[in-house]
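Chain naming here is simple, since letters A, B, ... match the order of the sequence lines and numbering starts at 1 in each. Values below: all heavy atoms of this structure, side chains included; hydrogens, waters and symmetry mates excluded.
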2 protein chains.
Amino acid sequence: MKLTSKGRYAVMALVDLARFDNINPVSLRDISLRQGISLDYLEQIFSKLKKNKIVESIRGTQGGYVLSRKPNEIKLTNIFHAVDEKVKTVQCKKELKKGCNGRATKCVTHNLWDELETHINSFFEKKSLEDLLKNNTEQRT
Amino acid sequence: MKLTSKGRYAVMALVDLARFDNINPVSLRDISLRQGISLDYLEQIFSKLKKNKIVESIRGTQGGYVLSRKPNEIKLTNIFHAVDEKVKTVQCKKELKKGCNGRATKCVTHNLWDELETHINSFFEKKSLEDLLKNNTEQRT
DNA sequence: TCTATACTTGACCATTTTAGTCAGGTATGT
DNA sequence: ACATACCTGACTAAAATGGTCAAGTATAGA
């Protein structure tokens, strides 16, 4: 399972982006400053987001990034999937050969982890960027 | 968040233990052999399980470990809590000082991670060792 | 056309975590 | 007394994490 700060940063950055891209593309520099995330690291993250069609890039002066879909069409699953590679927990593949299969206790955890994954995904499936956006602006002081 | 193979091993070992401790205590050596988990590693894990009152130890020849409660009274939360320290995701404490608080986007992820945690815990709260035990024996071939 | 801005790519790296191993115990049933 | 099995703590190789650094390329605007 992977839910690291890369995923967290991605979410933070995209929420930021969603809030400011109404008029112009938003540069990573701005996001970096506002969110306190290293510019270089953001570039890595946005490279993945772009590959996964979550954002689009506009080069040159006044360039930056834009969401490629509406905030309510971007689910958190998409984001995590993009930067975390997988929200996978089961690393039973080695065990499949030996202990996991045929053996007495037959990798009890295999099914368990699968269920967990489904459970987590259903959580992220329901949440969109827009949800976070609302949640966030409500909380502003 | 932490859901590593230490947690997985703990679950596997305890299911194994639950199935074999009817008559005698079960030695780690047996579990090690049956589950293919290093004995030394098991000892580390069981040390934690013991501290958390999930198992009891019987020393000496013919000694081993026994569950300290009935399988249906041992929830997976207990197990993960015991070996994984915490099923915590939020590491926002540094950010609380700077970016997270007062700032424009105010750590959107903070609430999100909290919710996720609750979500995951509720999953593990429902599952007991007994559930896995059933699930497992059903699947035996 | 020049230049500043901003995206793009890929290599590199320090630190931390993970998943153990190793070595030496201590307790106890037979 | 001795074999079995728990017990403890130090140690470590390898992987993951969370970045940095360097060297570009594309484009808008002066």
Provide, to the nearest angstrom, the distance between the [atom1] atom belonging to [X] and the [atom2] atom belonging to [N].
X	N	atom1	atom2	value
A:Met12	D:dG18	CE	P	13 Å
A:Leu39	D:dG19	CG	P	13 Å
A:Gln35	D:dG19	CD	P	14 Å

Short heteroatom pairs, N/O only, protein and nucleotides 28-30 of chain D, under 3.5 Å:
unit_1: D:dA28; atom_1: N3; unit_2: A:Thr61; atom_2: OG1; d: 3.3

Could you tell me whether the side chain of B:Gln44 reaches within less than 4.5 Å of the side chain of B:Lys6, counting heavy atoms only?
->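 A side-chain contact exists here, since the closest heavy-atom pair is under 4.5 Å.
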
Please examine the side chains of B:Phe46 and B:Ile31, heavy atoms only from C-beta on, and report whether any two atoms are closer than 4.5 Å.
->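 The answer is yes; the side chains approach within 4.5 Å.
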
Classify the angle between the aromatic ring planes of A:Phe80 and A:Phe124 as parallel (below 30°), tilted (30 to 60°) or perpendicular (above 60°).
-> tilted

Set out, line by line, the N/O atom pairs under 3.5 Å between protein and nucleotides 12-16 of chain C.
none

Checking D:dG19, C:dT21, C:dA6 against the side chain of A:Tyr9 (C-beta onward), the nearest is D:dG19

At under 4.0 Å between heavy atoms, what does A:Val55 touch on the DNA or RNA strands: base, sugar-phosphate, or nothing?
->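 No contact.
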
Which part of the nucleic acid, if any, lies within reach of B:Phe46 when heavy atoms closer than 4.0 Å are counted: base, sugar-phosphate only, or nothing?
-> nothing

Can a side chain N or O of B:Lys50 be found less than 4.0 Å away from OP1 or OP2 on D:dC7?
-> yes

Can any side-chain N or O of A:Ser32 pair as donor or acceptor with the backbone N or O of A:Ile37 at less than 3.5 Å?
->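 Side chain of A:Ser32 to backbone of A:Ile37: a pair is present.
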
Establish whether the base of C:dC7 is bridged to the side chain of A:Glu43 by a donor-acceptor pair shorter than 3.5 Å.
->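 No such pair is found, so the answer is no.
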
May I ask whether B:Phe123 and A:Ile120 are part of the same hydrophobic cluster, defined by side-chain heavy atoms of I, L, V, M, F, W, Y residues being less than 4.5 angstrom apart, directly or through others?
->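 Yes, B:Phe123 and A:Ile120 fall within the same hydrophobic cluster.
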
Side-chain donor-acceptor distances from residues 49-64 of chain B under 3.5 Å, at least two apart:
unit_1: B:Lys50; atom_1: NZ; unit_2: B:Ser57; atom_2: OG; d: 3.2
unit_1: B:Asn52; atom_1: ND2; unit_2: B:Lys48; atom_2: O; d: 2.9

